[in-house]
Amino acid sequence: MGGISIDDDWEFTSSSSNEVRTIVLVGRTGYGKSATGNTILGRKVFKSRASSSGVSITCELGTAELDDGLLVNVIDTPGLFDLSSGEYGPEYVRKEIIKCMDLAKDGIHAVILVLSVRTRFTEEQETILKTLQSLFGSKIVDYMIVVFTGGDDLEETEESLEDYLGRECPKALEEILGLCENRVVLFDNKTKDEGKRSGQVQELLSFVNIVLSQNGGRPYTNELFELFTELKKRAKELHKQQRKFDSLKEEYSEEAILEFEKQMQQTYDDQLKRITEMVESKLSEVTMKLKQQLDEEQAARLEAEEKAMLAQRRSDEEIRRLRENLEKAHEELRKQSEGRCAIL
Ligand SMILES: Nc1nc2c(ncn2[C@@H]2O[C@H](COP(=O)(O)OP(=O)(O)OP(=O)(O)O)[C@@H](O)[C@H]2O)c(=O)[nH]1
Ligand SMILES: [Mg+2]
């Protein structure tokens with residue numbers, strides 16, 4: 001099973017009376033997912049620093065209770081959904097995606113796509129959205145909010161996010177913003193100003209509330225999540241049954257208990273296998289599509305390069321011919337003028 005284990009301490013509703021929001025941070029490595037998570041939680045929970053390779057290596061959950069009593073669960077991920085980077089193997093990605101679903105105990109209320117004003121938007125970032133959609137369904141964009149980190153950099157040049165997007169918004173980014181109905185927030189994760197920090201967080205949470213009300217107050221779900229929910233229920237049941245058997249050991253024969261436990265475990269294992277296979281097949285589907293897309297792009301690039309080379313060769317040839325003709329004409333003129341001089 002590749003060492004996947006599912007916690008069985010799962011509650012289907014929050015055990016406390018507080019309202020809960022669970023948000024997942026996704027995006028490319030180094031764009032500030034962990035820093036954004038820390039800003040939301042108001043303390044340093046996730047490791048965040050400058051690095052040429054991935055800093056966060058596993059999905060992690062951090063929780064904070066805000067002043068108004070709202071419980072915020074933040075799930076920080078490594079650059080998982082950026083399959084184009086090739087940084088993580090499929091086995092690792094599969095395990096982490098299952099871990100991420102496991103951490104989202106109350107379901108996912110919003111997916112935050114973290115981008116940065118400090119790095120140019122590249123086409124590869126489009127693949128993150130495609131990967132998310134292939135894995136969790138196209139409806140995931142209904143739950144998506146974009147956070148741009150590096151608000152301090154824009155402040156230095158006295159620019160607003162609108163100014164930045166006005167001058168730096170490639171078509172692919174425009175499409176992403178359109179898909180998530182321009183739910184976009186600027187974060188300065190370096191600020192020491194508590195008012196500014198909580199202002200940013202409130203702006204983000206108000207988008208989370210909009211997302212939630214637009215989706216009938218329901219957290220995100222799809223076939224994969226439903227299967228996972230089912231598995232969680234089974235894990236709980238299994239645990240409960242085992243506890244019950246422990247207290248009823250005298251009433252049943254050891255064989256009967258063992259047989260029943262075996263059956264329960266079997267059903268659980270079968271379901272976990274189904275989920276694993278589902279994630280695996282979706283992942284390989286996405287990877288294949290991505291590879292195909294990259295191959296097509298490369299083929300198109302090669303074709304364009306070849307065409308440009310041919311055109312260059314043709315124009316070099318043309319220039320050479322023109323130069324020859326010009327030289328011939330010069331020669332002709334020179335001969336003619338020499339002839340005229342001799343007659344004179
Ligand atoms: N100036 C500035 N730097 C930021 C901001 N947000 C994040 N950073 C810096 O960007 C670098 C990367 O931040 P992380 O939070 O580690 O990025 P990450 O996306 O979690 O990276 P991985 O864990 O590797 O996927 C760190 O040096 C942060 O201090 C911001 O708003 N302004
Ligand atoms: Mg990180």
Side-chain angles (χ1 to χ4, degrees), residues 22-64 72-89 92-93 95-97 99-100 103-104 110-122 124-129 131-132 135 144-165 168 173 176 184-205 207:
T22 300
I23 55 191
V24 181
L25 298 161
V26 300
R28 291 202 90 185
T29 284
Y31 277 36
K33 296 181 293 296
S34 304
T36 301
N38 291 335
T39 299
I40 298 170
L41 296 171
R43 63 200 156 94
K44 194 167 181 338
V45 174
F46 309 117
K47 206 195 282 174
S48 161
R49 64 178 154 83
S51 165
S52 56
S53 59
V55 175
S56 309
I57 46 168
T58 187
C59 292
E60 273 180 76
L61 172 75
T63 302
V72 184
N73 295 320
V74 176
I75 299 172
D76 184 24
T77 66
L80 261 193
F81 303 102
D82 181 12
L83 297 182
S84 68
S85 77
E87 186 156 343
Y88 305 105
Y92 174 83
V93 174
K95 262 164 83 173
E96 284 302 313
I97 285 172
K99 184 175 176 195
C100 177
L103 290 173
V111 176
I112 314 293
L113 176 62
V114 179
L115 301 176
S116 170
V117 300
R118 307 168 77 223
T119 324
R120 194 152 292 161
F121 183 88
T122 59
E124 285 103 64
Q125 310 201 44
E126 258 186 290
T127 64
I128 296 178
L129 183 64
T131 308
L132 278 170
L135 272 170
M144 201 148 84
I145 300 165
V146 174
V147 163
F148 270 97
T149 64
D152 46 330
D153 273 29
L154 284 193
E155 232 166 67
E156 258 176 37
T157 49
E158 295 183 356
E159 266 186 308
S160 66
L161 185 59
E162 288 70 34
D163 296 335
Y164 168 80
L165 290 174
E168 193 92 32
L173 175 57
I176 290 182
V184 51
V185 190
L186 181 65
F187 261 48
D188 167 4
N189 291 315
K190 293 283 180 192
T191 189
K192 299 269 183 287
D193 177 343
E194 178 50 29
K196 185 176 177 192
R197 183 200 69 81
S198 70
Q200 295 171 160
V201 177
Q202 284 311 323
E203 196 182 347
L204 177 70
L205 289 175
F207 275 129

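As the structure lists them, so they are numbered: ligands from 1, and atoms in each ligand from 1. Along the sequence shown, residues carry numbers from 1.
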Exercise. Against heavy atoms of Ala35, which atoms of ligand 1 measure under 4.0 Å?
Worked result: 6 (N), 7 (C), 15 (O)
For this session: Could you tell me which atoms of ligand 1, counted from 1 in the order shown, lie closer than 4.0 angstrom to a heavy atom of Asp188?
Result: 31 (O)
Exercise. Short question: side chain of Asn38, backbone of Phe46 - any donor-acceptor pair under 3.5 Å?
Worked result: yes
Exercise. By residue and atom, what protein N/O/S atoms are less than 2.8 Å from the Mg ion (ligand 2)?
Worked result: Ser34 OG, Ser56 OG
Exercise. Relative to ligand 1, is Thr29 under 4.0 angstrom through side chain, backbone, both or neither, heavy atoms considered?
Worked result: both
For this session: Between Phe187 and ligand 1, find which residue part has any heavy-atom pair under 4.0 Å and reply side chain, backbone, both or neither.
Result: backbone
Exercise. Considering distance alone, does some N or O of Pro78 sit under 3.5 Å from an N or O of ligand 1?
Worked result: no
Exercise. For ligand 1, which atoms, with element, lie under 4.0 Å from some heavy atom of Gly150?
Worked result: 30 (C), 31 (O), 32 (N)
Exercise. Does any N/O atom on Tyr31 come nearer than 3.5 Å to any N/O atom on ligand 1?
Worked result: yes
Seminar exercise, completed: Counting from 1 in the order shown, the ligand 1 atoms closer than 4.0 Å to a non-hydrogen atom of Ser56 are 22 (P), 23 (O), 24 (O)
Exercise. Between Asp76 and ligand 1, is there a nitrogen or oxygen pair with a distance under 3.5 Å?
Worked result: no
For this session: Name the option, out of Arg118, Lys190, Arg28, Glu60, that contains the heavy atom nearest to atom 10 (O) of ligand 1.
Result: Arg118
For this session: Using atom types as modelled and distance alone, determine if a side-chain donor or acceptor of Glu96 lies under 3.5 Å from a backbone N or O of Cys59.
Result: yes
For this session: State whether the side chain of Thr77 and the backbone N or O of Leu25 hold a donor-acceptor pair below 3.5 Å, judged by distance alone.
Result: yes
For this session: Take Lys190 and Glu155, measure what salt bridge (charged side-chain N to carboxylate O under 4.0 Å, His left out) needs, and give me the verdict at the end.
Result: CA-CA 12 Å; Lys190 293 283 180 192; Glu155 232 166 67; over 6 Å; no
